[in-house]
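To keep things clear, I will list the structure first and then write my remarks on it.
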2 protein chains.
Amino acid sequence: MSRTTAKVVYSADEKQLATFAKAMGHPVRIQILKLLNTQACCYTGDLTDSIALAQSTISQHLKVLKDAGLIQGEILPPKVKYCLNQDNWPVARRLFIEFFNFEPSQPCNSDS
Amino acid sequence: MSRTTAKVVYSADEKQLATFAKAMGHPVRIQILKLLNTQACCYTGDLTDSIALAQSTISQHLKVLKDAGLIQGEILPPKVKYCLNQDNWPVARRLFIEFFNFEPSQPCNSDS
DNA sequence: AGATTTCATCGTACATTTGCGATAAACAAA
DNA sequence: TTTGTTTATCGCAAATGTACGATGAAATCT
């Protein structure tokens with residue numbers, strides 16, 4: 001421990017990107033997001049019909065997406081209508097697109 | 001169970017996207033990918049120096065990224081040089097960009 | 001051969017995720 | 001009020017993820 005190497009701490013953007021990515025890390029949740037991105041909004045019941053998982057499990061996946069800030073739910077008794085989170089979806093899009101659109105300057109050089 | 005509702009099975013692309021996203025679901029792994037995207041390649045030791053985690057933990061994160069197909073390791077004794085996976089990185093980029101660049105046709109209509 | 005460097009893997013501990021059925025909460029309809 | 005509909009939450013079990021130190025494997029250098 002003689003060398004005081006400055007350990008890097010992740011930036012807010014990196015943490016945010018990881019949070020979004022983690023929430024997207026399940027096929028069912030990708031499917032839900034894809035659906036919401038395609039057809040504006042849906043109810044939990046729509047998903048229960050089209051996805052072969054228990055209602056409680058789907059509700060849980062919705063919670064993961066909601067906690068990550070990717071979707072939002074509007075209570076419309078007796079149903080709940082889900083949409084993409086209007087504030088955060090554009091943020092997620094920006095973070096991912098920036099992340100993947102970065103082009104390296106040089107191909108692959110080794111020096112150390 | 002009278003209604004035979006066709007339960008949707010995720011497409012290969014959806015599964016692939018979820019796999020990539022899952023691997024990206026940790027700030028350290030985002031940081032590693034960012035580094036590799038910026039500066040072509042690196043050795044495990046470089047990461048051990050700059051990230052405040054045990055060497056074994058970093059090696060584990062590298063394994064997650066390698067198993068997901070996002071990076072590849074070239075054994076260059078006594079070191080191992082990591083780069084983005086040349087085959088899959090463009091695939092990941094395409095999947096994410098397609099996913100986020102889809103624009104819905106209508107804002108939000110409810111009918112059912 | 002012995003010591004060193006670099007990295008992966010093993011074993012362990014704890015936390016989180018995933019899935020289910022059962023139950024609760026909120027409201028509409030009879 | 002009772003019944004039905006819709007959704008969230010609880011409790012549980014199994015699997016997976018995260019982090020660490022210790023150990024092992026492979027190659028280099030004395």
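Order of the sequence lines fixes the chain letters, A, B, ..., with proteins taken first and strands second; residue numbering starts at 1 for each chain.
- With A:Q72 contributing its side chain and A:Q86 its backbone, the two residues share a donor-acceptor pair below 3.5 Å.
- Put simply, the side chain of B:N37 never gets that close to the backbone of A:F100: no donor and acceptor are under 3.5 Å apart.
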Distance-only donor-acceptor pairs under 3.5 Å for side chains of residues 51-69 of chain A, two or more places apart:
residue: A:H61; atom: ND1; partner: A:R29; partner atom: NH1; Å: 3.0
residue: A:K63; atom: NZ; partner: A:D67; partner atom: OD2; Å: 3.2

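- Atom pair B:L76:CG and C:dT5:P shows a separation of 19 Å (rounding to whole Å applied).
- In this structure, A:M24 atom CE and C:dT17 atom C1' are separated by 18 Å, rounded to whole Å.
- Across all strands, A:S59 comes closer than 4.0 Å to base atoms (heavy-atom distances).
- With rounding to whole Å, B:L62 atom CG is found 6 Å from C:dA8 atom P.
- Between the side chain of B:N85 and the main chain of B:N88, a donor-acceptor pair closer than 3.5 Å is present.
- Taking atom CG of A:L65 as the reference point, atom C1' of D:dA8 lies 15 Å away to the nearest angstrom.
- With hydrogens and angles disregarded, no donor-acceptor distance shorter than 3.5 Å links the side chain of A:E98 to the backbone of A:L95.
- Under a cutoff of 6.0 Å and an axis angle of 45°, A:K15 and A:Y10 do not form a cation-pi pair.
- Between B:D67 atom CG and C:dT9 atom C1' there is a gap of 13 Å when expressed in whole angstrom units.
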**Fill in**
Protein-proximity profile, nucleotides 15-22 of chain D, B/S/- by nucleotide at the 4.0 Å heavy-atom cutoff, equals -SSBBBBB
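- Rounded to an integer number of Å, the gap from A:I58 CD1 to D:dT6 P is 14 Å.
- For the pair B:I32 CD1 and C:dC7 P, the computed distance is 13 Å after rounding to whole Å.
- Straight-line distance from the CD1 atom of A:I75 to the C1' atom of C:dA28: 16 Å, rounded to whole Å.
- A:E74 is not listed as a side-chain neighbour of A:V80, based on a closest heavy-atom distance of 4.5 Å or more.
- Phosphate proximity of D:dT6 to A:Y82: absent, as no side-chain N or O sits under 4.0 Å from OP1 or OP2.
- The side chain of A:K63 approaches D:dT9 more closely than any other nucleotide in the set C:dT9, D:dT9, D:dT7.
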